[in-house]
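What follows is one structure encoded as structure tokens, with my remarks underneath.
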Amino acid sequence: MREITYAQAINEALREEMKRDQRVITLGEDIGGIGGNFGVTKGLQEEFGSQRVRDTPISEDAIVGLSLGAALVGMRPVAEIMFSTFLGCCMEEIVNQVTAIRYMSGGQCTIPMVIRTANSLGRSGAAQHSGRAEALIMHIPGIKVVIPATPYDAKGLLKTAIRDPNPVIFFEHAMAYYGVKGEVPEEEYTIPFGVADVKRQGKDLTIVAYSLMVRKALEAAEILAKDGINVEVIDPRTLVPLDMDTIIKSVKKTHRVIVASEECETAGVCAEISYRIVEAAFDELDAPIQRVATADVPVPFSPPLEKYMMAKTEDIVKAAKKLMA
Amino acid sequence: MREITYAQAINEALREEMKRDQRVITLGEDIGGIGGNFGVTKGLQEEFGSQRVRDTPISEDAIVGLSLGAALVGMRPVAEIMFSTFLGCCMEEIVNQVTAIRYMSGGQCTIPMVIRTANSLGRSGAAQHSGRAEALIMHIPGIKVVIPATPYDAKGLLKTAIRDPNPVIFFEHAMAYYGVKGEVPEEEYTIPFGVADVKRQGKDLTIVAYSLMVRKALEAAEILAKDGINVEVIDPRTLVPLDMDTIIKSVKKTHRVIVASEECETAGVCAEISYRIVEAAFDELDAPIQRVATADVPVPFSPPLEKYMMAKTEDIVKAAKKLMA
Amino acid sequence: MTLDKNKHADFYKSMLRIRRFEETAIEAFSAGKIPGFIHSYIGEEAIASGVCGALEPGDLITGTHRGHGHCLAKGMRMDRMMAELYGKATGYNKGKGGSMHISDFSCGVLGCNGIVAGGIGLATGAAWGNQLQGNSRVVACFFGDGAMNRGSFHEAVNMASIWSLPVVYVVEANGWGISFSTRNAINLVDLSERAKAYGIPGVSVDGYDVMAVYEAAKAAIERARRGEGPSMVVCNAPRMRGHEEGDPQTYRPKDDIDKAKKNDPIKRYSEFLVAQSILSKDELKAIKQQVEEEVAQAIKFADESPYPNPEEALQDLFVEEK
Amino acid sequence: MTLDKNKHADFYKSMLRIRRFEETAIEAFSAGKIPGFIHSYIGEEAIASGVCGALEPGDLITGTHRGHGHCLAKGMRMDRMMAELYGKATGYNKGKGGSMHISDFSCGVLGCNGIVAGGIGLATGAAWGNQLQGNSRVVACFFGDGAMNRGSFHEAVNMASIWSLPVVYVVEANGWGISFSTRNAINLVDLSERAKAYGIPGVSVDGYDVMAVYEAAKAAIERARRGEGPSMVVCNAPRMRGHEEGDPQTYRPKDDIDKAKKNDPIKRYSEFLVAQSILSKDELKAIKQQVEEEVAQAIKFADESPYPNPEEALQDLFVEEK
Ligand SMILES: Cc1ncc(C[n+]2csc(CCOP(=O)(O)OP(=O)(O)O)c2C)c(N)n1
Ligand SMILES: Cc1ncc(C[n+]2csc(CCOP(=O)(O)OP(=O)(O)O)c2C)c(N)n1
Ligand SMILES: [Mg+2]
Ligand SMILES: [Mg+2]
């Protein structure tokens with residue numbers, strides 16, 4: 001099968017959905033003229049015109065607010081927020097408008113909109129350009145949270161997101177755009193939300209990981225395999241809805257779990273997944289769940305500092321050895 | 001000892017600190033003219049003048065942004081954000097500025113500022129006025145999170161917050177302002193951060209609860225006492241820093257835990273506390289930790305709906321019975 | 001502009017519907033039947049009535065926390081509105097929204113909004129959607145003078161300007177944001193000057209004068225419909241009551257309140273209608289009668305309606321796909 | 001305004017320091033020595049130099065993602081700046097900030113800021129703090145034309161206006177926000193019109209002309225110092241390079257870039273100085289010499305400095321109380 005980049009996969013999903021449905025539009029900073037800061041939307045404006053692929057001023061609050069309004073009158077906007085740290089600029093729109101209006105209306109309206117944004121730890125972006133905001137959004141009811149690791153998942157899930165009649169946030173990863181390649185079929189496919197993917201089968205230890213952390217989990221699994229530790233890697237792919245069944249099934253087999261993520265450690269996704277594992281499979285656990293996440297500090301600029309505070313492959317290996325000891 | 005309201009306790013802390021330190025100033029919507037939407041700052045403008053007690057336009061982003069700047073030149077601003085749902089309007093300032101600037105500067109500056117805000121579930125405020133935002137802020141490194149349950153704690157902790165050289169967010173509760181009274185000494189006192197308070201001693205079951213949930217936990221404890229279940233209630237009072245020692249000590253005694261909060265259930269404070277208990281005292285647990293929180297929906301307006309989706313005393317009782325079964 | 005008699009009758013009825021709905025809701029609130037808060041539209045009836053009087057049926061609006069007037073002027077029913085205020089299952093939002101969030105998408109009301117300036121982005125986005133669909137719908141976006149200082153206002157209005165979106169920004173300049181005087185919040189004598197920052201037309205009118213509001217709104221709406229872009233209409237209408245029910249307005253000079261009350265827009269308008277022989281006293285009375293019946297029926301409906309089943313609290317979050 | 005020779009020499013030196021620092025940093029970046037991004041200030045040297053030339057030593061500034069020029073013009077050292085760009089322990093921020101976040105509080109630089117408009121609130125707050133302390137310090141707040149469309153800009157400038165805060169908003173109007181032309185982002189021919197929304201003075205000047213910038217900034221700063229409140233100074237200075245290093249500017253007509261380059265503010269200014277016999281060619285050469293030495297020394301310092309210890313990543317979050 002052909003291999004394409006993560007960026008290309010997203011580009012294809014957008015292109016195909018825009019072709020399929022006239023109501024699909026996209027807006028964001030620099031997405032037209034240069035195909036976005038990361039080149040992900042390249043070629044779309046040429047193909048679909050500057051009405052459907054709209055460059056916006058630097059106004060994140062309005063990008064989300066206008067998307068919401070357009071969705072309410074029947075369009076299917078895909079808004080791009082360049083870096084996920086900039087979600088702070090439009091948080092009110094997400095917390096009180098996008099996620100609340102359907103519910104507050106008693107179900108009168110539907111809000112088929114997607115917010116695409118990029119996490120970006122690991123490229124010396126420093127504190128203000130190295131966001132990982134999935135935990136913040138996961139805590140807010142009323143929006144689905146998608147966070148793919150591979151080109152295949154990114155394409156299939158983005159197509160599902162665009163067709164979903166509900167608000168969806170779609171977390172991409174700047175380091176994956178051109179750093180991650182993978183097989184993607186030529187034919188059309190979609191991936192349903194709420195279905196975890198077993199990225200590697202194993203029996204001794206379960207690692208739950210998502211986004212770029214999947215790659216590190218797989219690297220760790222290879223390293224651990226040399227020590228005879230047989231690791232299963234599960235990627236939930238969507239955090240809302242969250243497929244606990246697949247995770248619990250794995251836990252019942254391995255009885256040992258690492259939950260790994262690039263997010264700040266405290267009060268994040270790892271804690272939630274851990275809670276749910278304990279809730280559903282307490283008696284199956286042979287040891288406390290290990291959390292591997294990034295240190296609770298803003299992201300430093302200098303590479304040795306950033307590397308130190310990030311969740312790394314070695315950290316997973318270390319946690320695994322502790323668990324297996 | 002005299003009894004005062006939660007609102008009065010906060011008012012006294014502000015007044016005393018403004019008297020003690022000329023650098024302490026406060027700003028927010030309507031805080032001067034009418035003493036704030038909840039009357040908490042009543043009398044301060046008369047006493048300290050309209051320079052130090054500043055009414056602002058409806059500009060939450062600027063309220064926080066200006067506080068930060070004033071702190072950087074040596075003032076000690078206390079900003080009021082009327083309802084905690086409005087934190088969405090100033091999230092960028094919190095995520096990328098207030099919590100990041102000292103770290104990014106390599107420690108060149110200090111940011112002695114406090115953001116006071118009010119959670120407000122339970123008063124038919126509907127989705128946009130019933131915020132509980134502590135989990136969002138707890139996930140962001142660089143700001144201390146204080147969330148008192150009683151007038152005594154509120155006063156002592158707010159004084160500590162104002163004297164702290166770091167950013168602090170202080171979550172009050174609109175239902176507590178006049179609905180919670182308690183003993184508060186006339187004499188000056190402060191309460192250190194990171195010290196949980198055992199609100200009730202017990203040996204069968206530990207309930208970790210904070211803010212208005214402490215009252216419900218104590219109510220549940222009374223009900224459970226009638227069934228011979230002896231409950232210990234622990235109020236961490238500050239979420240960052242979080243006093244796990246006191247919690248773990250209790251868990252080692254009771255071996256059963258409920259973590260209770262008014263927040264939305266998913267990816268919140270309860271999950272974090274649960275993770276840390278599992279991490280530190282896995283072998284001490286006789287049963288999975290029970291989480292009692294509010295349903296993952298925006299808050300509905302109608303009282304029977306709101307009551308249904310809220311974390312209630314009965315929910316704690318039910319969870320306790322399940323744990324003890 | 002000379003208006004025909006029916007238009008005047010419509011305006012009068014619209015204003016009276018709002019006034020009487022609010023007075024009745026305030027009574028019910030005082031009697032403990034309505035939970036939450038009430039921000040009454042009393043004194044601002046001419047604004048929503050004038051603006052909505054200039055809209056076509058397919059046009060859209062967004063309201064505010066002070067939104068009952070917007071809903072009524074756009075044609076929503078009193079009974080289901082009152083039921084919503086009560087938190088009843090028969091309310092427009094099945095009791096999930098309440099006073100600050102009433103909406104009726106079928107009537108073009110995209111929702112009131114409890115966040116100051118919270119509706120501006122979505123109103124502008126609805127206008128964008130309309131533009132893309134090539135229909136000729138216009139969106140009227142209501143907000144208070146206090147909302148003009150929120151960043152959301154700024155970002156959305158700028159975007160409407162550069163994209164020539166069919167939206168009219170209606171500023172309800174009642175002089176206050178809760179207890180804070182707009183004079184202290186904005187350093188402008190004429191708030192419509194702010195439109196200059198976006199290169200769009202701005203005009204200030206007497207917000208107590210329904211005809212003046214109508215005229216200004218009509219011009220702005222027609223301009224928007226022609227594809228010439230957004231405008232701002234500032235309607236000056238000193239607040240007649242407290243910010244919300246229960247507000248003693250201690251911060252406000254008594255004669256300021258008295259002056260506002262003396263200029264009561266409905267009183268003024270009905271006197272004008274009679275003096276100019278546009279409508280007779282009897283005709284006004286007949287309208288009053290209709291409104292009274294509607295109000296009485298609304299209260300009865302709200303009183304008698306059931307509360308929603310508690311379990312409904314968990315519904316309406318997501319659309320479930322078939 | 002006639003300026004004395006020393007002032008001109010200072011301006012020239014300041015502009016040249018910026019230019020040469022940037023050129024050198026770009027080289028180091030291309031050589032892989034500098035991580036992250038570089039948004040060069042080339043072409044905008046006259047802005048920071050003119051504005052900072054009108055400030056007193058105790059005054060404060062905030063910079064942007066394109067902030068090296070702000071720092072240098074305010075008097076920061078090249079060596080510790082370059083070390084910061086490298087991510088070295090000897091950098092101003094110990095390697096924690098990098099290009100977009102350099103700061104030197106002791107020099108009155110409250111920080112560059114990677115969030116567009118991110119420094120406007122805090123600059124305004126610093127001005128508020130100064131006002132409360134009764135000192136006469138002024139804050140110069142730099143930001144780009146793209147930043148004028150962020151809500152944070154709007155809220156902060158409005159607050160500065162109503163409270164008459166001692167702050168000067170310096171708009172660096174380079175015509176672009178990354179690839180989006182300001183002509184498409186703001187529906188105004190003269191960006192300084194936007195000041196009218198806040199009832200504050202606004203003026204547009206040629207941002208390539210250090211004397212024009214100085215003059216406008218000086219008037220605004222003096223006004224602020226007198227307690228008369230904020231102003232906005234829009235400095236039009238077409239962008240000479242890409243948004244960041246590596247940007248091929250495919251979205252921009254080539255002659256637009258060429259025109260900008262032809263008007264190079266430093267070339268223009270040095271020719272003016274010589275033509276007007278304000279400074280001789282030799283004097284300019286001597287200044288150039290000093291700057292070259294400083295740059296060479298900065299690169300050497302950065303090259304030779306150590307990286308921070310990895311564990312330092314966990315420090316500097318909170319002030320630990322004694
Ligand atoms: C973002 C936000 N901040 C603060 C509030 C609290 N609040 C509710 S109404 C109001 C005053 C609004 O003033 P204005 O926009 O002039 O409307 P008015 O009430 O005068 O009609 C405030 C501050 C809010 N609802 N939303
Ligand atoms: C809130 C926010 N949105 C988007 C960005 C991405 N970004 C970085 S620089 C830039 C363009 C800024 O334009 P302008 O303010 O004119 O400054 P210039 O780069 O032209 O100097 C953008 C969009 C950002 N850093 N912050
Ligand atoms: Mg008002
Ligand atoms: Mg620019």
Side-chain angles (χ1 to χ4, degrees), chain B residues 22-23 25 27 50-52 54-77 79 89-90 92-93 95-113 141-144 160 163-168 192-193 240-241, chain D residues 60 62 84 89 91-98 100-106 110-115 117-133 135 137 139 141 150-152 154-160 162-163 165 167 308 312-313 315-321:
Chain B
Q22 284 290 323
R23 297 169 303 175
I25 54 180
L27 74 165
S50 58
Q51 294 292 310
R52 289 182 67 197
R54 273 268 174 135
D55 281 309
T56 68
I58 307 165
S59 304
E60 285 80 6
D61 184 273
I63 290 171
V64 176
L66 266 72
S67 296
L68 168 59
L72 286 174
V73 298
M75 304 305 290
R76 293 183 162 258
C89 306
C90 50
E92 192 283 309
E93 295 284 355
V95 173
N96 294 313
Q97 311 297 338
V98 168
T99 57
I101 284 201
R102 173 180 158 77
Y103 182 87
M104 292 194 306
S105 79
Q108 290 181 55
C109 57
T110 60
I111 301 174
M113 66 178 272
I143 186 163
K144 301 187 180 179
T160 303
R163 296 182 196 182
D164 199 288
N166 297 296
V168 178
F193 289 171
V240 177
Chain D
L60 306 168
T62 57
E84 186 59 33
Y92 271 106
N93 307 19
K94 305 192 227 160
K96 289 204 167 92
M100 289 195 284
H101 310 113
I102 306 189
S103 56
D104 181 3
F105 284 75
S106 68
L110 303 181
C112 296
N113 212 303
I115 300 296
I120 305 182
L122 78 90
T124 308
W128 181 40
N130 288 339
Q131 185 191 62
L132 287 167
Q133 289 166 9
N135 64 42
R137 289 189 182 136
V139 182
C141 171
R150 286 252 4 262
S152 305
H154 179 69
E155 295 192 3
V157 176
N158 182 67
M159 240 183 245
I162 58 169
W163 296 350
L165 299 181
V167 52
E312 286 179 29
Q315 297 167 8
D316 292 325
L317 185 62
F318 288 125
V319 189
E320 295 313 325
E321 279 157 293

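Nothing here was measured: the structure is a model prediction, and the numbers come from that model. Just so it is clear: chains get the letters A, B, ... in the order the sequence lines come, proteins before strands, and each one is counted from 1.
- The two residues B:Q108 and D:Y92 come nearest to each other via the heavy atoms NE2-O, 3.2 Å.
- One N or O on the side chain of D:Q133 and one on the backbone of B:V73 form a donor-acceptor pair closer than 3.5 Å.
- Within the 4.5 angstrom heavy-atom criterion, only backbone atoms of B:E60 (N, CA, C, O) approach chain D.
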message = Between D:Q131 and B:Q51, is the side chain to side chain contact (heavy atoms under 4.5 Å, CB included) condition met? List the steps.
response = CA-CA 10 Å; D:Q131 185 191 62; B:Q51 294 292 310; 4.3 Å; yes

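- Residue D:A89 does not touch chain B at all, counting heavy-atom pairs closer than 4.5 Å.
- Neither the backbone nor the side chain of D:I120 has a heavy atom closer than 4.5 Å to any heavy atom of chain B.
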task = Before giving the answer on side chain to side chain contact (heavy atoms under 4.5 Å, CB included), spell out for D:F105 and B:L72 the whole-Å C-alpha distance, their side-chain angles and the decisive distance to 0.1 Å.
result = CA-CA 9 Å; D:F105 284 75; B:L72 286 174; 3.7 Å; yes

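- In this structure, chain B has heavy atoms under 4.5 Å from both the backbone and the side chain of D:N130.
- Between D:L317 and B:P141 the shortest heavy-atom distance is CD1-C, 4.2 Å.
- At a 4.5 Å heavy-atom cutoff, B:I111 makes no contact with chain D through either its backbone or its side chain.
- Not one N or O on the side chain of B:Q97 forms a donor-acceptor pair closer than 3.5 Å with the backbone of D:L122.
- When heavy atoms are compared at a cutoff of 4.5 Å, B:R23 does not approach chain D at all.
- Side chain of D:E312 to backbone of B:G106: no donor-acceptor contact under 3.5 angstrom is found.
- The minimum heavy-atom distance linking B:Y103 with D:A313 is given by the pair OH-O, 2.6 Å.
- In this structure, the portion of D:N113 lying under 4.5 Å from any heavy atom of chain B is its side chain and not its backbone.
- Listed by chain and residue number, B:S59, B:L66, D:E155, D:M159 satisfy the side chain to side chain contact (heavy atoms under 4.5 Å, CB included) test with B:A62 (two or more places apart in sequence, or in another chain).
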